[in-house]
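Order of appearance sets the numbers: ligands from 1, and atoms from 1 within every ligand.
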Amino acid sequence: MNKVDCQLASEIVIFGALGDLSRRKLLTALYQLEVCDLLHADSRIIGVARQKYSLGEFKAIVLENICTFIKEDGDKVALARFTARLVYQQLEMKNVIAYKYLASTLSQGNNTRVYYFSTPPAIYGDICNGLNHASLITAADRVVMEKPIGQCLASSKVINDQVARFFTENQIFRIDHYLGKETVLNLLVLRFANALFTTNWDRNSIDHVQITVAESVGIEGRGSFYDEIGQMRDMIQSHLLQILSLLAMEPPANLSAENIRAEKLKVIKALSPIDRTNVKDKTVRGQYCDGFVKGIEVLGYLHEEDVNINSETETFVAIKAEIDNWRWSGVPFYLRTGKRMTTKHSEIVVHFKAQPHNIFRRSYSELPANKLIIRLQPDEGVELQMMNKIPGIDPQMYIQENKLDLSFSDTYQNGRVIDAYERLLLEVLNGNQSLFVSRNEVEAAWAWVDSIVDAWKSTNESPKPYVAGSWGPTSSAALIARDDRQWIE
Ligand code: BG6
């Protein structure tokens, strides 16, 4: 990562500092920025949570977490510098009066404050009220909001309105951590730095696109959250629609937040509606039952902790999405995501159109179309599948499908894969919003998703069961097979 211009010291205030996300990701990411010397010498990190802990206890928890979650040995000097920045503030976040204690903890200088909301979104408004009550908001401050913002368009508007009373849109950083992933960012480079793909990226050259985000994990102890939300609102509304919009957007004039976000928004708004009339043809929802993942027996969703035994929440979704615009008319984008699938595997497969005429028929009756495979994670890389002559003197021309494979780990041997949160936190400190989601995008995504969720409710059908450790319900294969295509697995 390049050294960046963090001229100003910051106070990074994490609400929900003892929560899962903060312990696993945020504090670890900040520590990694410390190791890379990317935090200003005078910046401080203020952990805010409900629990009564001394500073010493808080530091011990953070240290233990860092050692658990980073995969290499800790850097002792950086760890010492990092823990010296830590401050802990116990706070009842719904109690506006209590924010005076936070005010006395924060410095009164002109440091930029970054308020990171890593709490349930329902209390974002309370936090803003508290900060305002204690006069802790200035025009220079920034606020970072975790997804999902709301559970539908209406509740998301309420939360966005509550925050907008105190912060302007250019102070608000809505996180979708997929936008900080190396391979997701690389979509911009792949598309707009390579004429090969800039000119062949439309309905004339592309047959269809598959986007798969498969996870082998279940719901990881988040039963009460997940059972309310489900895979559609947890993954499709944010991560998959963001990937789709980066893949399908028009070239932005430059890399500014304004231009990139405007182009992504146009794609989300152009998604063809899925509603009660077509939901059965265009979507599949599933729920995992008992099975084996990588040889280990796992429980079905209904037996997970904090999940209603009669739950109808989906843990798998497949969708045939279509974009109603000039570039993409007639090109389906098949989206698929699920928990407890065969393996953790996220990739985009762009299927180009087949050759209109085959002059190699004698040796190869049906020429396969070229495929561009973008491996998002793990084993990050880009692969182009194409036809090649098998070397040999035989008068018959034998040909074969081969791949040009650009594996990131082989090509760029610079060690550790940077976690998305490291990049995104740095972007917040630098005030760059291009990797964050605008309010308009969030709302357009909710509008599209709400219509599908509403249509599912109207059908009164339960999610289709699938065995944990599989690629989802059989109806997912049927969804794409109806178009004479199949998932790449
Ligand atoms: C989160 C979802 O946003 O992304 C989780 O809430 C999901 O349910 C996670 O497991 C996946 O992220 P990653 O980076 O592991 O692909």
- Task: Give a yes or no on whether the ring-centroid distance for F436 and F173 is below 6.0 angstrom.
- Result: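 Distance test on ring centres: under 6.0 Å, yes.
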Heavy-atom contacts with [X] under 4.0 Å: which atoms of ligand 1 show up? List them by number with element.
| X | result |
| --- | --- |
| K339 | 5 (C), 7 (C), 8 (O), 10 (O) |
| K181 | 13 (P), 14 (O), 16 (O) |
| H239 | 1 (C), 3 (O), 4 (O) |
| K147 | 1 (C), 2 (C), 3 (O), 6 (O) |

- Message: To the closest 0.5 Å, what do you measure between CD (E489) and OG (S470)?
- Response: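 Spacing of CD (E489) from OG (S470) equals 9.0 Å.
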- Task: Verify side chain to side chain donor-acceptor pair (under 3.5 Å) between N254 and N259, making sure each step is shown before the conclusion.
- Result: CA-CA 7 Å; N254 54 36; N259 283 318; 2.8 Å; yes
- Heavy-atom distances under 4.0 Å are what count here, so tell me which part of Y178 touches ligand 1: side chain, backbone, both or neither.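 It is the side chain that touches ligand 1; the backbone stays farther off.
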- Can you say whether the rings of F117 and Y124 are parallel (under 30°), tilted (30 to 60°) or perpendicular (over 60°)?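 Tilted, since the angle between the ring planes falls between 30° and 60°.
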- Heavy-atom count around Y412 OH within 6.0 Å, excluding the residue itself: above 12?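 For Y412, atom OH is not crowded (no more than 12 foreign heavy atoms under 6.0 Å).
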- Query: In this structure, are over 12 heavy atoms from other groups packed under 6.0 Å from K280 atom NZ?
  - Reply: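 Atom NZ in K280 is not crowded, with 12 or fewer foreign heavy atoms closer than 6.0 Å.
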- Message: So, regarding E220 and ligand 1 (criterion: nitrogen or oxygen to nitrogen or oxygen, under 3.5 Å), is there a contact or not?
- Response: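 No: no nitrogen or oxygen of E220 is under 3.5 Å from one in ligand 1.
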- Judging by distance only, is a nitrogen or oxygen of E215 under 3.5 angstrom from one on ligand 1?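 N/O-N/O distance below 3.5 Å exists for this pair.
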- Item | Side-chain heavy-atom pair H239, T337 within 4.5 angstrom cut-off |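 A side-chain contact under 4.5 Å is absent here.
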Give me the residue, atom name and distance of the protein heavy atom closest to [atom].
| atom | result |
| --- | --- |
| atom 15 (O) of ligand 1 | K344 NZ, 2.9 Å |
| atom 5 (C) of ligand 1 | R222 NH2, 3.2 Å |
| atom 12 (O) of ligand 1 | H177 NE2, 3.1 Å |

- Query: Between Q231, K339, E220, which is the residue that forms a side chain to side chain donor-acceptor pair (under 3.5 Å) with Y226?
  - Reply: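 For Y226, the side chain to side chain donor-acceptor pair (under 3.5 Å) test succeeds with only one of Q231, K339, E220, which is Q231.
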- Test item, Q231 contacting ligand 1 (heavy atom, 4.0 angstrom):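 Checking ligand 1 against Q231, which is what was asked, there is no heavy-atom contact under 4.0 Å.
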- Measure from atom 2 (C) of ligand 1 to every heavy atom in D234, V217, T337, I229 and give the option owning the shortest one.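 When every heavy atom of D234, V217, T337, I229 is considered, D234 comes closest to atom 2 (C) of ligand 1.
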